[in-house]
Visitor: 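Dropping the structure in here first, questions after.
Sequence positions, counted from 1, serve as the residue numbers for this chain. Quick caveat: nothing in here was measured; it's all calculated off a predicted structure.
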Amino acid sequence: MDWTSAQLRSLVELTRRGTITAVAEALGYTPGGVSQQITALEKATGRQLLRRVGRRVELTDAGATLALHAERILTTEAEAVEALERTRNEISGTLRVGLFATAAAEILPPALRQVRETHPGVTVRSRDMDVDEVYDAVAGGSVDLALGLDYPDVPIPRDPSLRVRELSRERFSLAVPTGTMSGRSGRSGRSGRSGRSGRSGRSARSGRQKVSLADTRDLGWILPSAGSYYGRAVLTACRRAGFEPQVLHEVTDTAATLALVEAGVGVSVVTDLMLRLRPSCLDVLELREAMERHIVVVYRSFAEHRPTVAALVDVLRTSAVRRPTGRQRQSGNTLLTR
């Protein structure tokens, strides 16, 4: 059959995502481009692969059959590429990397500098995507590996076909408008004495005021969608602390969240890495609850020994160890990010 990998991948993604628009977003095409790929595949096979049902499309029996075999073909193709790479004396080739906004700003740039120095034959092409989409993107073969986030309270599904390796851990703090929590520490009854100075609520380790999530029960929150891994992780932690957060603003973008906290319209949880995305003037308070997120790299299991993949994973792990934990200048409890 005279078909291409791009055509087969479009069909496979359609079985996962259900709409032409969703496939286009996942593969970085236009919806028209995806339709052209499917049309060309139908011409190559001489069979109708899709049928329209109202505004949606669904696979015909022929389409479902081909999609099943297409996934195997794409996996075999990727394994062949890996085997060819191992025959080279030097590490070279092109890698497609998926990443979320924070990774694009803070994690990938130093890693790319190191790749240029240590593996000049490796070309990295990156794509910014929603952090909850990176696992499907790797599984579907639209990227070779991706940087993602994993939350202990809401772990990502462990697919045997994927490897998830932890790069680093970050602990969450509470970001609040300046002065909002003054004198509040201890209201939940678990933080000891409270007073205007807030000394009893301060952490000896960091110098930051230490509070409980329960101290925010009467404050408005800024959070991503409850359907996201991040949103579910925060909601789980708040519910464990005995309250349901009042979500006033549903926001995914970290910089926008920091801007809203600074504007005084709500509180949110943040990590040092998130704080570096936008210069802000706000209070950052240490949480009594241990809330973490893990920065991970995801790639297909059979690519574990692919030289280019192994090289980039090693670079990312080295960069994670060397990355500073923060660049903030602290004044009292107010954090001025630079």
Side-chain angles (χ1 to χ4, degrees), residues 1-82 94-101 125-149 156-164 224-225 227-229 232 252 297-303 306 309:
M1 292 292 183
D2 187 17
W3 54 45
T4 68
S5 298
Q7 292 164 4
L8 294 177
R9 184 165 289 113
S10 294
L11 183 66
V12 169
E13 285 297 323
L14 191 58
T15 66
R16 293 194 176 104
R17 303 178 187 278
T19 68
I20 296 290
T21 300
V23 173
E25 291 176 355
L27 297 180
Y29 299 153
T30 64
V34 174
S35 295
Q36 288 174 10
Q37 299 281 13
I38 300 297
T39 299
L41 193 55
E42 288 182 324
K43 184 177 179 180
T45 60
R47 303 292 297 273
Q48 181 184 356
L49 303 177
L50 301 181
R51 67 167 66 92
R52 288 207 165 272
V53 181
R55 295 184 178 181
R56 296 176 59 84
V57 295
E58 66 179 21
L59 296 179
T60 63
D61 289 344
T65 299
L66 180 57
L68 177 62
H69 289 279
E71 191 158 5
R72 296 173 186 167
I73 292 169
L74 292 171
T75 297
T76 300
E77 182 183 85
E79 291 173 343
V81 170
E82 176 195 347
T94 299
L95 285 177
R96 300 160 300 159
V97 179
L99 65 163
F100 58 100
R125 300 185 183 277
S126 64
R127 281 180 48 202
D128 186 15
M129 57 181 62
D130 184 282
V131 67
D132 287 352
E133 295 290 327
V134 300
Y135 313 105
D136 285 343
V138 175
S142 57
V143 294
D144 296 303
L145 72 163
L147 290 165
L149 295 172
I156 61 174
R158 279 351 192 223
D159 187 329
S161 69
L162 300 180
R163 288 284 184 269
V164 179
S225 163
S228 67
Y229 284 104
R232 286 158 56 198
T252 300
V297 59
V298 187
Y299 49 91
R300 285 169 289 181
S301 301
F302 63 76
R306 181 177 165 186
V309 171

Visitor: In Å and rounded to the nearest 0.5 Å, what is the CD to CD distance from Gln48 to Glu42?
Guide: 6.0 Å

Visitor: Compare every heavy atom of Arg52 with every heavy atom of Val57, then report the nearest pair and how far apart it is.
Guide: CG1-NH1, 3.5 Å

Visitor: Are any non-hydrogen side-chain atoms of Arg125 and Thr94 less than 4.5 angstrom apart?
Guide: yes

Visitor: Is there a side-chain contact (heavy atoms from CB on, under 4.5 Å) between Val143 and Val97? Walk through the geometry before answering.
Guide: CA-CA 5 Å; Val143 294; Val97 179; over 6 Å; no

Visitor: Shortest non-hydrogen contact from Asp130 to Asp132?
Guide: OD1-N, 2.8 Å

Visitor: Quick one: CG on Leu74 to CZ on Arg9, what's the gap to the nearest 0.5 Å?
Guide: 5.0 Å

Visitor: Determine whether Glu77 and Ser5 make a side-chain contact, defined as any pair of heavy atoms from C-beta on separated by less than 4.5 Å.
Guide: yes

Visitor: Which distance, rounded to the nearest 0.5 Å, do you find between the OG1 of Thr76 and the CZ of Phe302?
Guide: 8.5 Å

Visitor: Is the shortest side-chain heavy-atom distance between Trp3 and Leu66 below 4.5 Å?
Guide: yes

Visitor: Rounded to the nearest 0.5 Å, how far apart are CZ of Phe100 and CG of Leu147?
Guide: 6.5 Å

Visitor: Do Arg51 and Thr60 have a side chain donor and acceptor closer than 3.5 Å?
Guide: no

Visitor: Looking at every non-hydrogen atom in both residues, tell me the closest pair between Pro160 and Ser301 and how far apart they are.
Guide: O-OG, 2.9 Å

Visitor: Using every non-hydrogen atom in the two residues, find where Pro31 and Ile20 come nearest and quote the distance to one decimal.
Guide: O-CG2, 3.4 Å

Visitor: To the nearest 0.5 Å, what is the distance between CG (Leu49) and CD (Gln7)?
Guide: 10.0 Å

Visitor: Within the 4.5 Å heavy-atom criterion, are Ser10 and Tyr29 side-chain neighbours or not?
Guide: yes

Visitor: Do the non-hydrogen side-chain atoms of Leu50 and Glu58 ever get within less than 4.5 Å of each other?
Guide: no

Visitor: Looking at Lys43 and Asp2, is there a salt bridge between them, counting it only when a charged N and a carboxylate O are closer than 4.0 Å?
Guide: no

Visitor: Please report the closest heavy-atom contact between Arg96 and Arg300, naming both atoms and the distance.
Guide: NH2-NH2, 4.2 Å

Visitor: Taking C-beta and beyond as the side chain, do Thr252 and Ser228 meet within less than 4.5 Å on heavy atoms?
Guide: no

Visitor: Glu13 and Ser142: side-chain hydrogen bond (donor to acceptor under 3.5 Å, both in side chains), yes or no, with the steps?
Guide: CA-CA 9 Å; Glu13 285 297 323; Ser142 57; 4.9 Å; no

Visitor: If you draw the axis of the six-membered ring of Tyr229, does the NZ or CZ of Arg232 fall within 45° of it and under 6.0 Å from the ring centre?
Guide: yes

Visitor: Strictly below 4.0 Å, N to O, side chains only: are Arg16 and Glu71 in salt-bridge contact?
Guide: yes

Visitor: Taking the side chain from Arg127 and the backbone from Ala26, do they hold a donor-acceptor pair closer than 3.5 Å?
Guide: yes

Visitor: Between Ala137 and Arg17, which heavy-atom pair has the shortest distance, and what is it?
Guide: N-NH2, 4.1 Å

Visitor: Heavy-atom distance under 4.5 Å between the side chains of Thr4 and Leu41, does that happen here?
Guide: no

Visitor: For the atom pair CD (Glu25) and OG1 (Thr30), what is the distance rounded to the nearest 0.5 Å?
Guide: 12.0 Å

Visitor: Assess the residue pair Leu95 and Leu145 against the criterion (side-chain contact (heavy atoms from CB on, under 4.5 Å)); give the C-alpha distance rounded to whole Å, side-chain angles, the decisive distance to 0.1 Å, and a yes or no.
Guide: CA-CA 8 Å; Leu95 285 177; Leu145 72 163; 4.3 Å; yes

